Amino acid sequence: MSVSFKGFNENIITFNAENGIASGSAVKMSGSGTVSACSDGDVFCGFAVDCGSGYAAVQLCGAVTANYSGTAPAVGYSALVSDGSGVKASESGREYLVVAVDESAGTVTFIM
């Protein structure tokens, strides 16, 4: 047996998408039923899992593994914001339960 967080409480919703959203990137609400890519320092609402034809499937809940920049987030409850594509630790961000940090890969797994 091994540890796995994949699939836990995943909720994915389809939104209208502005240009510039890449699969795996942090997104924010930008209008009624519409998401856009996050900029550095933005609080995110979810992560795009698929994009195309003007739509984005966005994961709003569950376990997410994302690239991080800067100092590795601490395991436990840590405040995170977007770094423009993935996440970074920040005192002004929303707190999430960080369950795993892989410093060699530069990834963090957290529960939204």
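Note that the structure is predicted; figures quoted are calculated from it, not measured. Every heavy atom of this structure was used, including side-chain atoms; hydrogens, water molecules and symmetry mates were not.
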Checklist entry - Tell me, which pairs form a side-chain hydrogen bond (donor to acceptor under 3.5 Å, both in side chains) where one or both residues lie in residues 56-68, sequence neighbours left out? => result Thr65-Thr109

Checklist outcome for this item: dist Leu80:CG -> Tyr96:OH (nearest 0.5 Å) comes out at 7.0 Å

Item to check | Non-neighbouring partners of Ala26 that pass side chain to side chain contact (heavy atoms under 4.5 Å, CB included), sequence neighbours left out | outcome: Cys38, Phe44, Phe47, Ser82

Next on the checklist: Which heavy atom of Ile21 sits nearest to which heavy atom of Ala37, and what is that distance?
Outcome noted: CG1-N, 3.6 Å

Item to check | Distance-minimising heavy-atom pair for Ala48 and Val27 | outcome: CB-CG1, 4.2 Å

Next on the checklist: Quick check on Asn19: does its CG atom have over 12 non-hydrogen neighbours (other residues, nucleotides or ligands) under 6.0 Å away?
Outcome noted: no

Next on the checklist: Once rounded to the nearest 0.5 Å, what's the spacing between atom CE of Met112 and atom CG of Leu97?
Outcome noted: 13.0 Å

Item to check | Candidate pair Val58 and Ile13, rule side chain to side chain contact (heavy atoms under 4.5 Å, CB included), full reasoning | outcome: CA-CA 5 Å; Val58 178; Ile13 297 176; 5.7 Å; no

Checklist entry - If Ile, Leu, Val, Met, Phe, Trp and Tyr residues are connected whenever their side-chain heavy atoms lie under 4.5 Å apart, and connections chain through other members, are Tyr77 and Phe8 in the same group? => result yes

Item to check | Cluster link Val75 to Val87, ILVMFWY, side chain under 4.5 Å | outcome: yes

Next on the checklist: Quick check on Phe5: does its CZ atom have over 12 non-hydrogen neighbours (other residues, nucleotides or ligands) under 6.0 Å away?
Outcome noted: yes

Checklist entry - For the residue pair Val98 and Ala74, what are the closest heavy atoms and their distance? => result CB-O, 3.3 Å

Next on the checklist: Once rounded to the nearest 0.5 Å, what's the spacing between atom CG of Leu60 and atom CG of Asn11?
Outcome noted: 7.0 Å

Next on the checklist: Does anything in residues 25-35 form a side-chain hydrogen bond (donor to acceptor under 3.5 Å, both in side chains)? List the pairs, not counting sequence neighbours.
Outcome noted: Glu18-Ser30, Lys28-Asp42

Checklist entry - Can you tell me how far CZ of Arg94 sits from SG of Cys45, rounded to the nearest 0.5 angstrom? => result 8.0 Å

Checklist entry - Which heavy atom of Val81 sits nearest a heavy atom of Gly93, and at what distance? => result CG1-CA, 3.4 Å

Item to check | From CZ (Phe110) to CD (Glu95), nearest 0.5 Å | outcome: 13.0 Å

Checklist outcome for this item: Correct closest heavy-atom pair for Cys51 and Ala56 would be SG-CB, 4.2 Å

Checklist entry - Shared ILVMFWY cluster between Val3 and Ile111, side chains joined below 4.5 angstrom? => result yes

